[in-house]
Number of protein chains: 2
Amino acid sequence: MAGIKHSRQRDAIINELCSRTDHPTAETLYWSLKEDFPNLSLGTVYRNLGLLCDDGSIIKISVDGADRYDGNAKPHCHFLCRNCKGMFDVHNVSPFSETLLSSVNGEIENYSLTLYGVCKNCV
Amino acid sequence: MAGIKHSRQRDAIINELCSRTDHPTAETLYWSLKEDFPNLSLGTVYRNLGLLCDDGSIIKISVDGADRYDGNAKPHCHFLCRNCKGMFDVHNVSPFSETLLSSVNGEIENYSLTLYGVCKNCV
DNA sequence: TATAATAATAGTAACGATTATCGTTATTGA
DNA sequence: TCAATAACGATAATCGTTACTATTATTATA
């Protein structure tokens with residue numbers, strides 16, 4: 001395999017991201033991994049998240065403030081609570097109606113749907 | 001009216017934003033308005049866009065890179081071309097199916113749906 | 001119309017998130 | 001085991017955005 005090497009840090013980053021469903025920011029991941037890698041660098045986290053996004057194995061979600069990452073690369077929707085800032089998956093649903101698909105002037109390759117509101121935990 | 005004054009700059013900002021459909025960034029608006037307001041400040045653009053978002057008369061769209069603004073505050077979808085970076089409105093469509101609505105653990109107040117792909121202009 | 005109160009501005013510094021740089025370390029294939 | 005080099009940690013630089021402050025413009029009132 002030319003050009004790509006393994007690293008304990010990269011394995012730990014993807015492992016940590018995929019083991020949680022809270023769509024953490026780079027910095028959140030960084031602090032979680034600090035326990036096992038006391039001198040982990042935030043730049044390393046960003047660099048690896050970028051690489052993983054590029055090869056399509058994870059997803060970056062652009063939101064207000066710091067971007068959040070999702071270890072589940074299969075397209076799906078998210079719900080963002082304006083109270084607790086928690087982001088939850090909304091699975092197994094296609095948001096696209098026939099009318100929507102027919103009114104787009106282009107070929108849809110991907111999408112990002114974020115719903116905003118207050119989650120059930122926050123009443 | 002307590003606390004709010006008019007300003008030529010604010011009027012021009014909302015006027016410019018509402019007269020175009022390309023979902024400009026703050027900086028794009030800034031340069032467009034520079035002609036009429038040679039010493040307009042970028043901070044003024046940001047401040048007013050923020051105020052207008054707060055009172056719900058415009059919308060901010062979080063995307064990769066600089067945020068984009070939409071003078072049309074009525075919820076609707078967007079299509080972002082990965083080639084020309086153009087952002088187009090997708091009108092008169094509700095993206096929500098019954099199955100989606102029923103699988104959300106909270107009350108939906110708003111949403112942001114961006115479709116990614118290549119627009120017809122870019123083949 | 002002049003005046004006083006104050007919201008809004010321009011200019012600029014500061015900030016937070018992210019990316020780039022660079023010398024050192026770890027991984028890998030021979 | 002060694003050489004080549006990808007990845008790292010530390011940190012500087014960049015970018016988008018917000019905050020600060022002295023000045024200007026708007027507005028209500030006399």
Side-chain angles (χ1 to χ4, degrees), chain A residues 1-17 22-55 57-70 80 85 87 112 114, chain B residues 1-17 22-55 57-70 80 85 87 112 114:
Chain A
M1 292 290 100
I4 294 286
K5 284 180 181 173
H6 272 275
S7 83
R8 299 185 307 122
Q9 289 89 339
R10 181 177 304 149
D11 292 345
I13 289 167
I14 197 166
N15 204 55
E16 173 72 15
L17 179 60
D22 61 344
H23 310 80
T25 64
E27 200 180 354
T28 301
L29 282 173
Y30 169 72
W31 285 113
S32 298
L33 294 164
K34 265 288 188 185
E35 295 173 27
D36 290 334
F37 297 84
N39 49 3
L40 178 67
S41 178
L42 184 54
T44 297
V45 177
Y46 272 110
R47 178 163 25 80
N48 280 294
L49 289 174
L51 291 170
L52 293 166
C53 283
D54 288 346
D55 76 19
S57 54
I58 68 170
I59 283 175
K60 175 164 78 169
I61 307 166
S62 293
V63 288
D64 217 60
D67 292 338
R68 307 181 70 145
Y69 294 86
D70 191 338
L80 182 60
K85 311 299 179 195
M87 179 171 271
S112 167
T114 303
Chain B
M1 292 288 100
I4 294 287
K5 286 179 181 173
H6 272 274
S7 82
R8 299 184 308 120
Q9 290 88 338
R10 181 177 304 148
D11 293 345
I13 289 166
I14 196 166
N15 204 54
E16 173 73 14
L17 179 60
D22 62 342
H23 311 79
T25 63
E27 200 180 355
T28 301
L29 282 173
Y30 168 72
W31 286 112
S32 298
L33 294 165
K34 264 288 186 186
E35 296 173 28
D36 290 335
F37 298 85
N39 48 5
L40 177 68
S41 178
L42 184 54
T44 297
V45 178
Y46 272 109
R47 179 163 25 78
N48 280 295
L49 290 174
L51 290 170
L52 294 166
C53 283
D54 288 346
D55 75 19
S57 53
I58 69 170
I59 283 175
K60 176 163 78 168
I61 308 165
S62 293
V63 288
D64 215 60
D67 291 340
R68 308 181 70 146
Y69 293 87
D70 191 337
L80 182 61
K85 310 300 179 195
M87 180 171 271
S112 169
T114 303

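- Across its full length, the helix from C/dT1-D/dA30 to C/dA30-D/dT1 shows an angle of 40° between the axes of its 5 terminal pairs at either end, rounded to 10 degrees.
- Nearer the 5' end of DNA chain D, as judged by each residue's closest nucleotide, is the contact made by A/N48, out of B/L42 and A/N48.
- A/A12 approaches A/F37 most closely through the heavy-atom pair CB-CE1, 3.4 Å.
- Each of C/dT18, D/dG16, D/dT26 was ranked by its minimum atom distance to the side chain of B/K5; first place goes to D/dT26.
- For B/Q9, no side-chain nitrogen or oxygen approaches OP1 or OP2 of D/dA25 to under 4.0 Å.
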For residues 40-51 of chain B, dump all side-chain donor-acceptor pairs below 3.5 Å to protein atoms at least two apart in sequence or in another chain.
| residue | atom | partner | partner atom | Å |
| --- | --- | --- | --- | --- |
| B/S41 | OG | B/G43 | N | 3.4 |
| B/T44 | OG1 | B/R47 | NH2 | 3.1 |
| B/N48 | OD1 | B/R10 | NE | 2.5 |
| B/N48 | OD1 | B/R10 | NH2 | 3.4 |
| B/N48 | ND2 | B/T44 | O | 3.0 |

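- A/K60 is linked by a salt bridge (charged side-chain N to carboxylate O under 4.0 Å, His left out) to A/D67, B/D64, counting only residues two or more places apart in sequence or in another chain.
- Residues B/K85 and B/R68 approach most closely at O-NH1, 2.9 Å, considering heavy atoms.
- An OP1 or OP2 oxygen of C/dA10 is reached within less than 4.0 angstrom by a side-chain nitrogen or oxygen of B/T44.
- Side-chain contact between B/D70 and B/I58 is absent, with no heavy atoms from C-beta onward closer than 4.5 Å.
- Under the side-chain contact (heavy atoms from CB on, under 4.5 Å) criterion, B/D22 pairs with B/R20, B/P24, not counting sequence neighbours.
- Here D/dG16 presents its C1' atom at 10 Å from NZ of B/K60, a figure rounded to the nearest Å.
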Using a cutoff of under 3.5 Å, can you pull out all pairs of nitrogen or oxygen atoms linking the protein to nucleotides 1-3 of chain C, with atom names and distances?
none

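- The nearest heavy atom of DNA chain D to B/S7 and to A/G43 marks one nucleotide each, and the one closer to the 5' end goes with A/G43.
- For the pair A/R68 CZ and C/dT18 P, the interatomic distance rounds to 12 Å; values are reported in whole Å.
- Taking side-chain N and O atoms only, A/R10 has a distance below 4.0 Å to OP1 or OP2 of D/dA7.
- Not one side-chain nitrogen or oxygen of A/R47 sits closer than 4.0 Å to the OP1 or OP2 atom of C/dT19.
- In this structure, the side chain to side chain donor-acceptor pair (under 3.5 Å) partners of A/S57, at least two apart in sequence or on a different chain, are A/D55.
- Residues satisfying the side chain to side chain donor-acceptor pair (under 3.5 Å) criterion with B/D54, sequence neighbours excluded, are absent altogether.
- Two residues are said to be in side-chain contact when any heavy atoms from C-beta on lie closer than 4.5 Å; B/L80 and B/H23 fail this criterion.
- Here B/Y46 reaches the OP1 or OP2 of D/dT17: one of its side-chain N or O atoms lies under 4.0 Å away.
- A/I4 places its CD1 atom 12 Å from the C1' atom of D/dT5, with the value rounded to the nearest Å.
- Remark: C1' of C/dT9 and CD1 of B/I13 are 10 Å apart, rounded to the nearest angstrom.
- The distance from atom CG of B/L52 to atom C1' of C/dA8 is 13 Å, rounded to the nearest whole Å.
- In terms of the side chain to side chain donor-acceptor pair (under 3.5 Å) criterion, residue partners of A/T28 (sequence neighbours excluded) are, by chain and number, A/T25.
- One interatomic measurement links the two molecules: CG of A/D64 to P of C/dG16, which rounds to 15 Å at whole-angstrom precision.
- Taking every heavy atom of residues 26-39 of chain B and every atom of DNA chain C, pairs under 4.0 Å involve B/N39, by number.
- Between the side chain of A/S41 and the base of D/dA10, at least one donor-acceptor pair of N or O atoms lies under 3.5 Å.
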Please evaluate residues B/E16 and B/D36 with respect to the criterion side chain to side chain contact (heavy atoms under 4.5 Å, CB included), reporting the C-alpha separation (whole Å), side-chain torsions for both, the decisive distance (0.1 Å), and the verdict.
CA-CA 11 Å; B/E16 173 73 14; B/D36 290 335; over 6 Å; no
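- Every residue was checked against the side chain to side chain donor-acceptor pair (under 3.5 Å) condition with A/K5, not counting sequence neighbours, and none meets it.
- Atom P of nucleotide D/dA25 and atom CG of B/L40 are separated by 14 Å, given to the nearest angstrom.
- Note: CG (B/L49) to P (C/dT9) measures 11 Å, nearest angstrom.
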